[in-house]
Structures are given as C-alpha cells and as structure tokens.
Amino acid sequence: MNTLTRTKKDGQESRLMSGFLNAIEKAGNRLPEPALIFFYFLLAVMGLSAVLSMVEFDIVNPVTQQTVQINNLLSAEALTSTLANMVTTFTGFAPLGIVLVAMLGVGVAESSGFINVALKKMLRVTPKKLLTPMLIFVAMFSHVAADAGYVLVIPLGAIIFMSAGRHPLVGIAAAFSGVSGGFAANMVPTGNDALLQGFTQAAAQLLDSTYTVNTLCNLFFGIASSIVITLVGWWVTERIVEPRVSKMTLDGDFKHDEDMSHVSAQESRAFNIAGVVMILSLVALAAAAWPQSSMLRSPDGSLTAYSAPIMKSIVPLIFLIFIIPGIVFGFASRRFKTGKDVINSMNDSMSKMGSYMVMAFFCAMFIKAFSDSNIGTLVALAGADGLKAMALPGEATIIGMIVLTAVVNLLIGSASAKWGLLSPIMVPMLMAVGISPELTQAAFRIGDSSTNIITPLMVFFPLVVVYCQRYVKGAGVGTLVSMMMPYSIAFFVTWSLFLLAWWGLGMPLGVAAPYTWSAG
C-alpha cells in the first residue's frame with residue numbers, strides 16, 4: 001500500500017471515528033442536566049418497581065437464598081420511608097463527604113498558590129511528550145488513597161495540561177481514564193484488594209469450605225496491567241481524544257496564569273518551606289504507621305485492609321496533607337495575611353461545589369431507590385444465570401464474565417455491591433468447570449474498570465462533568481461519554497486479550513493464585 005492510499009484510508013477511519021463520537025456527544029448533550037437525569041430515573045424506577053412487584057420471579061439470591069422480589073416503591077409504606085429518610089439518604093451519600101472534605105484542604109492549597117507553583121516546577125522537569133503517560137500513571141497510583149483521585153488528580157490533570165498549552169478537557173479525560181478506567185490496575189496493593197478478596201473467599205467456600213484466597217492474589221497481574229493501561233491510555237489520548245477535543249472552545253469560568261514558567265524568589269522560598277513541612281508530615285505519618293502495633297493498622301496488622309484506621313482516614317489525611325503546607329505557603333508567600341484569608345479560600349472552594357451538591361442529592365435518592373427496589377439485583381442475577389446456561393469453554397467463559405460485569409456496571413456502580421451479588425454465583429460456577437476464584441476475580445475487575453468511565457450512574461461521574469463545565473460551559477453528559485468511549489473500548493479489548501495472554505503464558509496472577517481448581 002503506497003503512502004497516498006494509506007493516508008486516504010487513515011483519513012476515512014479518522015472521519016468515521018470522529019462521526020461516531022460526535023453522534024454520541026450530540027445525543028448525550030440532548031439529555032437534560034445530570035441532576036434532572038437522576039430525578040427522571042428516580043421516577044422511572046419507582047414506577048417500574050410498582051409494575052414488577054406484581055410479578056413473581058424464580059431467580060434466587062445466593063446471599064439470602066430467597067427468590068428475588070421487587071419492592072413497590074410507590075406503596076404507602078415505601079413513600080413514607082423515602083420521606084422520613086430523605087435527609088439521611090443525602091447526608092449519608094458517601095461521595096458527598098469525601099468530595100467536600102478533600103476539597104476544603106485542596107482548595108486552600110490551590111488558593112494560596114502552593115499547587116500552582118508545584119505544577120510550574122513539575123513542568124520544568126517533565127518533558128511535554130511524557131505529560132500524558134505521567135498523568136495516567138499517577139491517576140492509577142491514586143487508588144492507594146481510596147477515592148482521592150476523583151477530587152484531586154482529575155482537576156489537577158486539567159490544570160497541568162492547560163499550563164502546558166494543551167486543552168484542559170484532554171487532561172481531565174486522561175486522568176479520568178487512569179483513576180476510573182484503570183481502577184483494577186496498580187503497582188501496589190490497595191484497600192480494594194482486601195475488599196474483593198473477602199467476597200471471593202466466601203463465594204469459593206460455598207463449593208470448597210477449606211478454600212482460602214490471598215488478598216494479593218491479583219497483584220502481579222495488576223502491576224503488569226498498570227503498564228499496559230498507561231500505554232493504551234497514552235495512545236488513545238493523543239491519537240483519538242486530543243485531536244477531537246482540542247477543537248472545543250474554552251468559554252468556562254476559570255482562571256489561567258498566563259506565565260506558567262515564572263516562579264518568583266519569594267514563591268520559591270515559600271514553596272521550599274511548605275514542601276519541607278509536607279515531607280515532615282508524611283514522615284511523621286509513616287513513623288506512626290510503621291510499628292506492627294500501630295493504632296493505624298487493622299487488628300491483624302495490615303495497613304491496606306479496609307478495617308485499618310489509616311485506610312478509613314485517607315480523606316482526612318488528604319485534607320491535612322494539603323491544608324497544612326497550603327497555609328504555610330500562603331503566609332510565607334504573603335498571599336495570606338490573616339486567618340480570615342484561609343477561611344475565605346475554603347469558602348471559595350465550597351462555592352464552586354454548588355452544582356455538584358444538587359446533582360449529589362438526586363443521585364443519592366436514585367441510587368437508594370434502585371437498591372431498595374431490588375431491580376438491580378434482578379438484572380445482575382438474571383445476566384449471571386444466562387451466562388451460566390451457555391456452558392462456554394474456559395477462555396470464552398472468562399470473556400463472558402468480563403462482558404457481564406461490564407454491562408452490570410452500567411446499572412450498579414459500586415464494585416463491592418456488584419461482586420457481592422455476582423461472586424456467590426460466578427465463583428462456584430467457574431470453579432465447577434475448573435477455573436480458579438482468583439482468575440474469576442481478575443476477570444471481574446477488568447469488566448468493572450472498563451465501563452466505569454462511560455456510565456452516568458457512577459457516583460463520581462457528575463463531579464467530572466462539573467470539572468468539564470468549568471472550562472467548556474456547554475459540556476454535558478454526552479461530552480464526557482464521547483471523550484471516554486475510546487478509552488472504554490480500548491481498555492476492554494486490550495485488557496481482556498492481555499488477561500488471556502497472561503493466562504496462556506502461565507504468568508502468575510499474584511500471591512498464591514492458581515488459574516485452575518479441582519475438587520479434592
């Protein structure tokens with residue numbers, strides 16, 4: 001094929017991809033505001049629950065060992081409960097507290113100029129060509145800090161890219177792909193490993209009461225996956241997403257420092273002082289967590305278990321780790337003169353979260369209704385039963401497992417909720433055909449991660465839309481979905497094939513993690 005023919009073919013493929021993504025964006029942006037979407041979904045779930053509550057299903061929930069029954073949310077009892085619990089449903093919405101507390105600390109660090117100077121210095125030493133893989137890799141590493149990536153890495157991704165002369169929405173997309181799309185990939189263990197292991201082991205013991213699953217059973221595959229996802233995300237960002245997104249006009253309410261290369265002597269001195277304070281804070285935290293008897297560890301001595309106090313304190317620690325150097329930098333640089341300036345910076349960061357809080361209210365109400373109705377449980381278990389009935393070969397079954405999880409993920413955002421429902425069926429069922437629980441868990445994690453970035457029902461999705469609107473006022477659900485769709489497709493295909501290749505080569509999944517299981 002000569003160069004001219006190849007160029008024409010590439011151009012045609014580019015136009016087809018652009019047309020596909022533009023169609024997704026247009027369709028998505030015709031949808032109402034995210035808050036209204038969740039409100040309409042709430043009404044739809046309530047109406048559907050009333051209809052389905054009159055139907056008797058023969059699908060058994062493996063957790064309760066009872067047939068799934070849809071609860072009528074329009075009954076007098078359910079409506080009364082909804083009204084009585086409306087306030088606690090909203091205030092108990094987990095992402096709300098995480099976002100607001102973290103943003104208080106990050107807001108002070110940003111307002112004081114500490115983060116801005118840190119970015120300037122980072123840009124001086126990071127080649128522009130490596131900004132994309134660096135951001136995606138850091139975003140994946142943020143999984144260590146629970147949901148910190150959503151409130152810290154994604155907005156910083158926009159600032160970093162804009163400071164480098166690139167479109168901020170490209171930075172948001174790249175960071176989001178790492179934080180959420182690469183959720184199952186990491187270089188180090190995270191709390192999610194311990195959380196999923198508990199479900200997997202309990203499910204395996206339904207068939208083999210002596211079976212145990214190591215918390216680090218997917219560690220080696222996760223480490224290798226972080227490299228693969230970084231490279232795939234890098235390619236998608238610069239070959240597909242950036243050429244299209246760069247055409248979007250910046251018209252949002254944001255501030256941009258025209259000279260991102262200059263750091264004054266006073267700013268540099270203030271940053272050095274604040275940096276030392278931040279490092280000393282981290283050293284003090286490490287020293288406190290190091291002893292095996294540390295109060296920051298779980299009863300079994302683990303630092304990464306969900307029961308470990310340090311894991312439960314991740315968001316408050318983010319608050320402290322940013323607000324302390326932020327305050328120090330502010331006063332050292334004379335950006336802050338009194339304590340009132342610190343409080344005003346907190347007020348400013350909260351004032352930008354108004355639209356997210358409105359969306360969070362309706363999102364919380366919808367998710368609570370969807371859970372209470374049992375519709376999500378019905379859909380998930382029906383899909384699992386269908387996959388079981390196909391009796392596919394091992395490799396095809398694993399791909400089917402990934403597909404099932406990816407589809408269910410569009411309906412149930414919580415990884416623990418999905419695995420709590422699917423594991424009691426899928427783990428024993430795949431064990432019965434010789435597939436180990438550890439391999440089944442790895443397949444689940446791929447499906448769960450791949451579609452996180454394209455479902456508006458993911459609890460942090462509305463927040464990412466807000467980040468986009470800060471730079472492009474007309475950005476909506478469709479804008480974000482169309483930006484993330486190439487990542488989702490690329491991650492799903494590449495990651496699935498990578499798992500099959502990893503399995504075929506006999507590479508270790510993790511610690512004490514076989515690929516097969518046999519009775520006796």
Side-chain angles (χ1 to χ4, degrees), residues 62-63 183-186 188-226 228 302 304-305 380-381 383-406 408-409 415-416 418-450 492 494-520:
V63 177
F183 191 67
N186 213 334
V188 296
T190 68
N192 198 46
D193 292 295
L195 178 64
L196 296 181
Q197 174 269 340
F199 286 110
T200 305
Q201 179 169 293
Q205 290 179 350
L206 294 174
L207 192 61
D208 181 352
S209 60
T210 64
Y211 199 92
T212 58
V213 177
N214 192 289
T215 301
L216 305 181
C217 65
N218 292 154
L219 178 62
F220 302 146
F221 179 68
I223 292 173
S225 294
S226 67
V228 171
S302 173
T304 58
L381 295 180
D385 284 347
L387 181 60
K388 183 177 180 180
M390 294 179 186
L392 300 170
E395 292 79 5
T397 299
I398 285 297
I399 295 299
M401 176 72 201
I402 297 173
V403 172
L404 172 65
T405 305
V408 172
N409 193 35
S416 59
K418 283 191 297 292
W419 197 223
L421 289 170
L422 294 176
S423 61
I425 290 179
M426 302 309 300
V427 170
M429 185 264 286
L430 267 63
M431 287 174 70
V433 296
I435 295 175
S436 72
E438 293 83 358
L439 178 55
T440 303
Q441 178 180 289
F444 165 80
R445 298 180 78 168
I446 292 174
D448 175 57
S449 297
S450 299
F492 179 88
T494 305
W495 218 342
S496 298
L497 294 176
F498 182 61
L499 177 60
L500 295 182
W502 193 263
W503 180 10
L505 293 172
M507 301 293 287
L509 275 174
V511 179
Y515 283 99
T516 60
W517 177 87
S518 60

Please name the pair of heavy atoms, one in [X] and one in [Y], separated by the smallest distance, quoted to 0.1 Å.
| X | Y | value |
| --- | --- | --- |
| I446 | S450 | O-OG, 2.9 Å |
| P428 | A203 | CG-O, 3.4 Å |
| S449 | A184 | OG-N, 2.9 Å |
| N409 | G447 | ND2-O, 4.4 Å |
| P514 | Y211 | CG-OH, 3.8 Å |

If you define the side chain from C-beta out and look only at heavy atoms, does anything of [X] sit under 4.5 Å from [Y]?
| X | Y | answer |
| --- | --- | --- |
| R445 | D193 | yes |
| F444 | M401 | yes |
| T200 | T440 | no |
| D208 | W517 | yes |
| N214 | L219 | no |
| V213 | E438 | yes |
| I399 | L499 | no |
| P437 | Q201 | no |

Gap between atom [atom2] of [Y] and atom [atom1] of [X] - 0.5 Å precision:
| X | Y | atom1 | atom2 | result |
| --- | --- | --- | --- | --- |
| L505 | L500 | CG | CG | 11.0 Å |
| W502 | W495 | CH2 | CH2 | 13.0 Å |
| N218 | I223 | CG | CD1 | 11.5 Å |
| M426 | I398 | CE | CD1 | 8.5 Å |
| D448 | L422 | CG | CG | 10.0 Å |
| F221 | Q441 | CZ | CD | 11.5 Å |

Self-check item: Residue among L430, T516, V427 satisfying side chain to side chain contact (heavy atoms under 4.5 Å, CB included) with I435
Solution: L430
Practice problem: Answer yes if the side chains of T405 and W419 hold a donor-acceptor pair under 3.5 Å, and no otherwise. | Solution: no
